[in-house]
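Every chain is numbered from 1, with letters handed out A, B, ... down the list of sequences.
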Amino acid sequence: MAAEEGEVRLIGAWPSPFVLRPRVALNLKWVEYEFLQEKFGEKSELLLRSNPVYKKIPVLLHHDKPVCESMIIVEYVDGAWANSGHAILPADTYERALHRFWAFYIDDKWFPSMFGIAKAETEEAKAESAEQAWAGLKLLEEAFEKLSKGKAFFGGDTIGYVDIALGSYLGWAKVIERMTGLKLFDEEKTPLLAVWAGRFCAHEAVKEVMPETEKLME
Amino acid sequence: MAEEVKVFRSWGSPFSYRVELALRLKGVAYEYIEEDLSNKSTLLLEYNPVHKKVPVLLHHGKPIAESLVILEYIEETWQENPILPKDPRERAVARFWSRFLDDKCSLALWMSCWTEGETQQNFMEQAKECLHLLEEELKGKKFFGGDSIGMVDIAASFIAHWLGVLEEVAGISLLDEEKYPNLCKWTEEFLKSDAVMECLPKRANLLAFFQARKHAISATKASV
């Protein structure tokens, strides 16, 4: 569904997992958009004007009106283009609550532990963060089993809200794996998620916008 | 049927208060289960194994945790007196401010009241910035939700009631009427609502609770 020229713009940067989220959402809904790449180390006037509270990417501009915060943008896209592509949040209210719950968990609890591995200054600190990250992934493995109902994604047959929330971190997860030699999405520890990770990255709505590990490592 | 809806709560928690307020605004009958946070029930731990916290909403036996997630569920399940606008962009704005209250605001306000010295000064600066942003957001509106109480107002109930108590205990002033006239007016309007007042914990009880906590912390420090 082609948007009118200039109707949909996304301010972001290609390496950011948070920016990846609305990009996947827009792709799932077949929405054409203009990607406004921020210059590294510098925030544009447009960004500062569009997100004065946090001054952060991503910001979606729809008819020049800004929407901020990555998962809020994803939900916005789901609602604004409800008649296009597949639903990102499920129809059932209880399942929607579960998707929202796990997306909160991923950002508030899991991401800090994953990031903690990268920031760790000692082997001990690294090991502790890794243990927390694996423990978190075990919970997410159980959530995957419950939400996917045997299908490919947390969202069932198609990419859903939690898939986007967790999948957006896969690029950086791979970088951390390379840097530390630790396997985050381990086939033995979390077999379902290990397969899901590959599947998510290969999806047509994701593969063009998922940053390459080599590029991130530079 | 009241037995269908249960809320695991703690009397003083601003988070479980949000859930009760939303249910009352929508006229939903519910039963509450009081939790002693120093001795959590087996049921609570079973229903919220990830965070082990209140609030938890139980509907038809299915548990939901995280106050903002519960608010969204309540909104979608009971359509009376909506707490979110219909327009997708306005909904996104409401969600933005609700998250802002949790991610930035609550922490700055809370820590301003429990720290000292330079640390406290830094948190107070952050808190004032947050209050200023909320003040601006309220311009020309009775509530964050417009003419009626909405999700952001519910999420901000901490400011309307708990903040004053904490300021008193800490001996500081944050919500200054001269600097934040909109927020102060909002507090007055908010506290006029029947639904708001029905399940609000008594100020005296909150004061006693937090004063006791402050004494306990001081006593620990003094004995070190």
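Of the residues considered (A:Tyr76, A:Tyr105, A:Tyr94), A:Tyr94 shows the highest number of contacts with chain B, using heavy-atom pairs under 4.5 Å. Between chain B and the residues A:Glu69, A:Glu75, A:Met71, the most heavy-atom pairs under 4.5 angstrom are made by A:Glu75.
Between A:Tyr54 and B:Phe96, the gap from one ring centroid to the other is short of 6.0 Å.
For NZ of A:Lys138, the number of neighbouring non-hydrogen atoms (other residues, nucleotides, ligands) closer than 6.0 Å is 12 at most. More than 12 heavy-atom neighbours from other residues, nucleotides or ligands sit within 6.0 angstrom of CD on A:Gln132. In this structure, B:Glu198 places its CD atom where more than 12 heavy-atom neighbours from other residues, nucleotides or ligands lie under 6.0 Å away. Atom NZ of B:Lys26 has more than 12 heavy atoms from other residues, nucleotides or ligands within 6.0 Å. The local environment of OH in B:Tyr32 is sparse, with at most 12 non-hydrogen atoms from other residues, nucleotides or ligands closer than 6.0 Å. B:Asp36 CG: more than 12 foreign heavy atoms inside a 6.0 Å radius. Atom CD of B:Glu189 has more than 12 heavy atoms from other residues, nucleotides or ligands within 6.0 Å.
Here the OG1-NZ distance, from A:Thr93 to B:Lys62, works out to 8.0 Å after rounding to the nearest 0.5 Å.
Interface residue B:Arg95: backbone and side-chain heavy atoms are both found under 4.5 Å from chain A. Using a 4.5 Å cut-off between heavy atoms, B:Asp103 contacts chain A through its side chain alone, with no backbone atom that close. Of the atoms belonging to A:Phe104, it is side-chain heavy atoms, and not backbone ones, that fall under 4.5 Å from chain B. Residue B:His51 touches chain A through its side chain alone, counting heavy-atom pairs closer than 4.5 Å. Looking at A:Pro66, the atoms closer than 4.5 Å to chain B (heavy atoms on both sides) sit in the backbone and in the side chain alike.
Scanning residues 145-158 of chain A against chain B with a 4.5 Å heavy-atom cutoff picks out nothing at all. Proximity to chain A at a heavy-atom threshold of 4.5 Å picks out B:Ile64, B:Ala65, B:Glu66, B:Leu68, B:Val69, B:Glu72, B:Tyr73, B:Glu76, B:Thr77 from residues 64-83 of chain B, in numerical order.
Between A:Ile72 and B:Ala92, the shortest heavy-atom contact is CG2-O, 3.6 Å.
Contact check on B:Arg91 versus A:Asp78 returns no salt bridge, with no Lys/Arg side-chain nitrogen under 4.0 Å from an Asp/Glu carboxylate oxygen.
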Go through the steps for B:Arg89 and A:Lys65 under the test side chain to side chain contact (heavy atoms under 4.5 Å, CB included), then give the verdict. CA-CA 9 Å; B:Arg89 190 173 172 268; A:Lys65 294 200 183 135; 3.4 Å; yes
